[in-house]
Amino acid sequence: MVSSMWKMLRANVVIELVFLCTLLCSATASVSYDRKAIKINGQRRILLSGSIHYPRSTPEMWPGLIEKAKNGGLDVIQTYVFWNGHEPSPGQYHFEGRYDLVQFIKAVQEAGLYVHLRIGPYICAEWNFGGFPVWLKYIPGIEFRTDNGPFKEKMQGFTEKIVNMMKSERLFEYQGGPIILSQIENEFGPVEWEIGAPGKVYVEWAAKMAVDLQTEVPWIMCKQEDAPDPVINTCNGFYCEDFTPNKNYKPKMWTENWTGWYAQFGGAVPYRPVEDIAFSVLRFIQNGGSFVNYYMYHGGTNFGTTSGRFIATSYDYDAPIDEYGMPREPKYTHLKYLHDAIKMCEWDLVSADPTVTTLGSNQEAHVFSSSSGGCAAFLSNYDTNWWVNITFEGLQYDLPPWSISILRDCKKEVFNSAKVIPKSFHAKMTPVSSFSWQSYVDETPSADEDSSFWAIGLYEQLNVTRDTSDYLWYMTDVNIDANEGFLKKGGYLLLTVMSAGHALHVFVNGLQAGIIYGSLGNPKLTFQDNVRLRPGINKISLLSVAVGLANVGMHFEMWNQGVLGPVTLQGLAEGTRDLTWQKWSYKIGMKGENLGLNTVTGSSSVEWVEGSLMAQKQPLIWYKTTFNAPEGDDPLALDMNSMGKGQVWINGQSIGRHWPAYKATGDCGQCNYAGYFNETKCLSNCGQASQRWYHIPSSWLQPSDNFLVVFEEWGGDPTGISLVKRTV
Ligand code: GAL
């Protein structure tokens, strides 16, 4: 008895000394690892981490988000680095505003948290082009993410740029900074599996390139079973308890525990119950895991045109901190309690390997008894339907289905993943003002008259726009002989237009003949309808609209968008006329974009109308208004439910693409997350807009005269737009 008390006392002194040292000796520190955990200054740690992506919020929001992460019990903030935001054209760097990476990392440091920097530079992340700048695609001879000279040179160049920047700002842990971990590449394993040998060479190269940069912190590669030493391979998923690193001297780390899922235009809104997240974390730790990152802890917003193909503007992700920066309850606080409980047992968890005993057909105990006499136990019930009462070390415990309890000192239940104490919050969106609008009708250009250039045949859209606009006009003329028989039968011909995506407006002689659009799963389109033509020259104008560039998939950088044909007319005396290989004129962007109508100065270049003259429910319209910022600090959004599709700017800055007309499809039935969440994501919002509300960061507003511009592609009722505040 005396000896075990002495042991405990000694252990406590050691723990306190270690913590004291982490506080006082933390000017500089070393980071290493062993089979159990990441070690900071030689001390193994259970690290709880959360993803917050700096460009998905504003610098004004960062300190508050980081503070909430700290209060939520996190040790680490994880972020990707967004190459295409930082290097929009080759050698022209941008590290300002939302892209001020150094300021973000320093904000984390000021809060006393660590950073896990996922440089990539391929990042996936539902981010436009997976983070790659579009210009990268046009480097001669380049092939992405494989053993390719030009690609490796650019990847290395950007990785070095970031590492050197971090070093010169003294941000790595050995320099006294907060960065304790880095990542190179992102989930390359599945790609390597497809491409074979060159993939293997590339992985070896990427690992060596990263390690040679001497950051003095461990590098990880997620979903990369063959990550070369000393790089640690890590797990991403809804569950990772069965994951094992590729060497027995590497720790078991979970880089992405998905707290929900991303929303796509046309899709229902995913969510993940906190009971399941907490369960997954405890199951991972009881099986020896020592690093868990929540992807996302704060998801935020895909401002401007930063989102990947068909990805919604909101990147809320059902994360513990919602898009607007407010704790989402009960998720936030339940996870905080989880973290508190884990930290109470941290020492035992990193010191000992668990002893596993079976307590029933679907129940187990994992007991961590450290040599210093400490003890932590996890009691688990994997049954998805039944509560169980179990006896452990002479005491009785009630375990809900699909739950794990953590027992401090192997006695006192300090947390159970399914016993949720915090109350749920329901966010309310309350209108605070509506607007009075002016409108301007954009033009429907036609071949020759308004084009930028012409060519024989159809060009791939990205090759033409280089992503400087979502919009590309394809225009051609069709000459109809006055003697054509179809003219006497109403004048209709069958027009077929095949497009690689993502949305398409068809105009014939200036009149809209139809709109079609694809989806994330199926971006390709075929327009087919009878259109009315007249004798002589007919003007066909096709407005092809991109909705972000693909961010994932085998060689996604090669995927096409835009009208690639065939384009045909059927019903003529000659049979089918193929328009694909005739003369096509092109125009990049809407006229309003080129005039800068989203800005105060640009907007003065055209005549706007209001009142009864205002254009409504017709396509390709610009709307503008001014408004005063409402009183109070509540987060703000625009309710765009009365609108179709387009983009919104406040004081010249884009708050993103709106597309409330795209209703959510999906199975919003019962949410059976327990045990098979991976296959059946929980969904909400079926039949409603995939995204109705669009976040306006309050720092983008001034007290009065805020300039609000909407470009509406489809046709909507702007009088239905309102400014709303979010309260809980
Ligand atoms: C992962 C990927 C992340 C993100 C996530 C889904 O596979 O690494 O970047 O795309 O999926 O949100």
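Note that the numbering runs from 1 along the sequence shown for the chain. Below, each value reflects all heavy atoms present in this structure, side chains not excepted, and no hydrogens, waters or symmetry copies. Just follow the structure's listing: the first ligand is 1, and inside any ligand the first atom is 1.
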With sequence neighbours left out, what residues match Lys247 under salt bridge (Lys or Arg N to Asp or Glu O under 4.0 Å)? Asp229
Looking only at side chains, do Asn246 and Lys250 share a donor and an acceptor under 3.5 Å apart? yes
Shell of residues surrounding ligand 1, defined by a 4.0 angstrom heavy-atom cut-off that is strict: Tyr80, Ile123, Cys124, Ala125, Glu126, Asn186, Glu187, Asn236, Glu256, Trp258, Trp261, Tyr262, Tyr295, Tyr315, Tyr317
Could you label the plane-to-plane angle of the Trp659 and Phe265 rings as parallel, tilted or perpendicular, counting under 30° as parallel and over 60° as perpendicular? tilted
Output side-chain donor-acceptor pairs under 3.5 Å for residues 193-211, partner residues at least two apart or in another chain, one line each.
unit_1 : atom_1 : unit_2 : atom_2 : d
Lys200 : NZ     : Asp226 : OD2    : 2.8
Tyr202 : OH     : Glu185 : OE2    : 2.7
Lys208 : NZ     : Asp212 : OD2    : 2.7

With under 30° as parallel and over 60° as perpendicular, where do the rings of His86 and Tyr99 fit, or are they tilted in between? perpendicular
Just to verify, what does Cys222 make a disulfide (SG to SG under 2.5 Å) with, not counting sequence neighbours? none
